[in-house]
Amino acid sequence: SGPSVAVVGVTGAVGQEFLQVLSDRDFPYRSIKMLASKRSAGSRMPFQGKDYVVEELTAESFDGVDVALFSAGGSVSKQFAPLAMERGSIVVDNSSAFRMDESVPLVIPEVNPEAMSHIRLRSGKGAIVANPNCSTIICLMATTPLHRLAKVLRMVVSTYQAASGAGAAAMQELELQTREVLDGKQPTCNIFKQQYAFNLFSHNAPVLSNGYNEEEMKLVKETRKIWNDKDVKVTATCIRVPVMRAHAESINLQFEKPLDEDTAREVLKKAAGVIVIDDRTSNIFPTPLEVSNKDDVAVGRIRQDVSQDGNHGLDVFVCGDQIRKGAALNAVQIAEKLL
Ligand code: 2RA
């Protein structure tokens with residue numbers, strides 16, 4: 001029978017989406033544990049017609065657990081993922097804690113499944129598999145099919161990131177501020193120090209000494225690890241925009257070999273987990289609302305880069321649901337690879 005599953009951080013936005021995705025995809029678990037902080041322990045958690053009680057996360061929580069889906073922040077992952085691994089669990093970690101650890105595969109199942117082919121369920125030997133950052137997943141779902149064909153030499157990414165990436169409280173604050181501004185009131189700024197409604201600002205992640213913020217450097221470093229290409233040049237600018245749960249990204253690509261827009265469009269139409277929305281006549285292209293609560297990443301604005309010669313450059317525009325494919329769906333698809 002199927003694996004025993006534990007969901008760590010089950011009361012958060014991604015934790016709730018783990019349950020939604022497990023249910024949507026009829027994941028064959030034989031048992032499931034709902035784990036969260038002491039604060040949430042004891043609360044009811046209905047799932048698939050059964051009433052579960054949220055348990056406090058402890059080291060013993062992982063006894064007999066085959067797959068542990070983590071999304072409770074980096075410090076919880078750092079403390080408990082190794083303990084789960086010692087007990088033989090396969091941890092799929094949505095935090096950034098282990099993404100750049102040499103011994104930890106960083107996996108998008110449609111892109112680099114081979115990176116986790118050595119990991120087995122119930123082998124007695126636990127493991128940690130890292131879920132990439134949401135903006136990386138969305139970017140690479142759209143660009144990898146093209147990279148495989150013409151080899152990306154350089155990628156310039158501008159992201160327009162949804163509130164959900166900053167958590168459920170940020171989504172609530174965006175809604176509250178929008179109402180307040182429309183009512184002519186002062187906006188409540190608890191999560192972000194500046195007004196978010198009817199505004200946009202540089203991503204709230206800490207800014208590093210090189211002037212990039214952590215979100216931008218995740219895109220640079222995670223792309224190189226996932227593509228197993230330490231030479232690919234990546235630069236990024238990540239912006240937080242007043243959108244609820246789907247990221248948008250404008251991506252400029254420079255290829256080693258020529259790649260024309262029609263070939264690119266056909267390749268993307270066939271790519272797993274990708275839909276093409278690219279109607280120039282009607283000016284219909286991907287939008288965050290169109291992809292929200294859906295599995296697929298949408299790609300459009302596929303065009304030759306006029307600043308590059310000989311079809312060696314393309315510009316594309318991509319939208320993907322940050323909580324679903326950007327986090328929970330990708331993690332569950334990693335768990336499905338273990339079945
Ligand atoms: C964000 N990538 O959107 C982060 C969420 N993990 O802020």
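Keep in mind the model is a prediction, meaning the values are calculated, not measured. Remember, it's 1-based here, ligands and their atoms both numbered in the order they're listed.
With salt bridges taken as basic N to acidic carboxylate O contacts below 4.0 Å, none links Lys225 and Glu222.
In the hydrophobic clustering, Phe317 connects to Tyr160, Leu200, Ile239, Val241, Val243, either directly or through intervening members, whenever side-chain heavy atoms lie under 4.5 Å apart. Cluster partners of Ile277, using a side-chain heavy-atom cutoff of under 4.5 Å among ILVMFWY residues and allowing indirect links, are Ile275, Ile284.
Each ring pair (Phe, Tyr, Trp, His ring centres under 6.0 Å) pair with one or both residues in residues 225-272, not counting sequence neighbours, appears once here: His147-Trp227.
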What do the steps show when you test Glu215 against Arg240 for salt bridge (charged side-chain N to carboxylate O under 4.0 Å, His left out), and what is the final call? CA-CA 11 Å; Glu215 192 76 358; Arg240 187 71 74 191; over 6 Å; no
Distances for all N or O pairs of ligand 1 and the protein under 3.5 Å?
unit_1	atom_1	unit_2	atom_2	d
ligand 1	2 (N)	Asn133	OD1	2.8
ligand 1	2 (N)	Asn133	ND2	3.4
ligand 1	2 (N)	Glu215	OE1	3.4
ligand 1	2 (N)	Glu215	OE2	2.5
ligand 1	3 (O)	Gln161	NE2	3.0
ligand 1	3 (O)	Arg240	NH1	3.3
ligand 1	3 (O)	His247	NE2	3.4
ligand 1	7 (O)	Gly165	O	3.2
ligand 1	7 (O)	His203	NE2	2.8
ligand 1	7 (O)	Arg240	NH1	3.4
ligand 1	7 (O)	Arg240	NH2	2.5

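In Arg179, the CZ atom is not crowded: 12 or fewer heavy atoms of neighbouring residues, nucleotides or ligands sit closer than 6.0 Å.
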